[in-house]
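Throughout, protein chains are lettered first and strands after them, A, B, ... in sequence-line order, and every chain is numbered starting at 1.
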Amino acid sequence: FSTFGNSLKWEKNSLTYRIENYTPDMSVAEVDDSINRALQVWAKVTPLRFTRIYSGTADIMVSFGRQSHGDYYPFDGPSGTLAHAFAPGSGIGGDAHFDEDEMFTFSSNRGYVLFLVAAHEFGHSLGLSHSDDPGALMYPVYSYRDPSTFVLPRDDVNGIQSLYGSNPS
Amino acid sequence: VPVSEVTVQDESFAENYLKNFFNMTEQKGPSTRRGISPLSKKLSEMQRFFGLHITGALDGETLEMMKKPRCGVPDGKIAR
């Protein structure tokens, strides 16, 4: 695993998130569930806790956009880049953006499983950079895994616990 | 003579990829004419990261990896 420079991390364990808009590829309930489960992947192994808010600015703002979407890092159309997220910090820090030109799915291997992409992006939101371990969630290349049986790989557990410690409960 | 499997378009694609994800800067001036080129250095860095055969040259295996769907955060770097 690797972290951003100076072990950049949140200096609090209670974080908020907000879903700003939705992809038409999936139902609202499916998006909500995918995002929530992606955050819980990290909460399970750390003291971090996530609360959803519906207005105002959250620590982690989640949105779908295509091409230029307001952050000077335009998406590239179908395929290529699927999503990106910013390291912990104020403002745009922690925010996760998903490329609307991709086809996101709830669990099918036809398209990209939003849960898997989001779990990876939230790793960045929490302070993890890319891993060179091909089996790690934080490996930069997408590979399908069954979301119903997903277990956070050891490399990612070690990475996130190096920043926040383990789950006290 | 081996037939090249890499097109001019592939080279341009690879340069953009390395600029985006491996912090490759523009090649300028005569200093790039000597020694190992920045492109070759960055290709080696990328091949090492992904566990590919390290050649420093753009080959089919490297190009295939570059074209896989991926996250848009530069590897090992903070997007400033």
Side-chain angles (χ1 to χ4, degrees), chain A residues 1-8 65 69 71-76 78-89 92-93 95-99 101-104 111-113 116-125 127-144, chain B residues 4-28 36-80:
Chain A
F1 68 87
S2 72
T3 57
F4 294 113
N6 300 324
S7 294
L8 201 55
H69 54 280
D71 64 1
Y72 302 106
Y73 297 92
F75 284 133
D76 55 358
S79 72
T81 296
L82 306 178
H84 58 212
F86 293 84
I92 203 168
D95 295 358
H97 302 161
F98 299 87
D99 185 353
D101 279 328
E102 311 303 339
M103 178 69 183
F104 290 108
Y112 301 110
V113 176
L116 295 173
V117 180
H120 173 103
E121 296 309 327
F122 294 147
H124 293 313
S125 301
L128 291 181
S129 185
H130 282 147
S131 171
D132 62 5
D133 177 350
L137 177 64
M138 294 312 295
Y139 192 63
V141 175
Y142 176 89
S143 63
Y144 175 81
Chain B
S4 172
E5 57 188 347
V6 176
T7 64
V8 173
Q9 287 86 351
D10 289 336
E11 286 176 359
S12 172
F13 171 83
E15 278 193 35
N16 281 329
Y17 179 96
L18 293 170
K19 283 176 192 166
N20 284 338
F21 300 119
F22 285 85
N23 203 28
M24 190 176 79
T25 51
E26 295 284 344
Q27 298 178 55
K28 288 177 185 172
I36 302 169
S37 76
L39 180 67
S40 182
K41 273 186 184 175
K42 286 295 172 184
L43 275 169
S44 297
E45 192 181 316
M46 182 236 164
Q47 289 163 337
R48 188 175 300 109
F49 181 90
F50 283 110
L52 304 175
H53 189 50
I54 301 170
T55 62
L58 186 61
D59 51 27
E61 181 189 41
T62 306
L63 201 53
E64 189 184 343
M65 178 58 82
M66 287 179 172
K67 290 185 175 176
K68 284 186 176 177
R70 58 162 292 149
C71 168
V73 172
D75 297 317
K77 304 267 188 292
I78 302 172
R80 296 185 189 283

*Which bit of Tyr112(A) comes within less than 4.5 Å of chain B, counting heavy atoms only: side chain, backbone, both or neither?*
side chain

*Could you tell me how the ring of Phe49(B) sits relative to the ring of Tyr139(A): parallel (under 30°), tilted (30 to 60°) or perpendicular (over 60°)?*
parallel

*Measure across Val73(B) and His130(A) and return the closest heavy-atom pair with its distance rounded to 0.1 Å.*
O-CE1, 2.9 Å

*For the atom pair CG (Asp76(A)) and OH (Tyr17(B)), what is the distance rounded to the nearest 0.5 Å?*
11.5 Å

*Rounded distance (nearest 0.5 Å) linking atom OG1 of Thr81(A) with atom CZ of Arg70(B)*: 6.5 Å

*Which heavy atom in His84(A) sits nearest to a heavy atom in Gly72(B), and how many Å separate them?*
CB-C, 4.0 Å

_Any non-hydrogen side-chain atom of Pro140(A) less than 4.5 Å from a side-chain atom of Phe50(B)?_
yes

*Determine the minimum heavy-atom distance between Cys71(B) and Glu121(A), stating which atoms define it.*
SG-OE2, 3.1 Å

*Taking atom OG of Ser143(A) and atom NZ of Lys68(B), what is their separation to the nearest 0.5 Å?*
8.5 Å

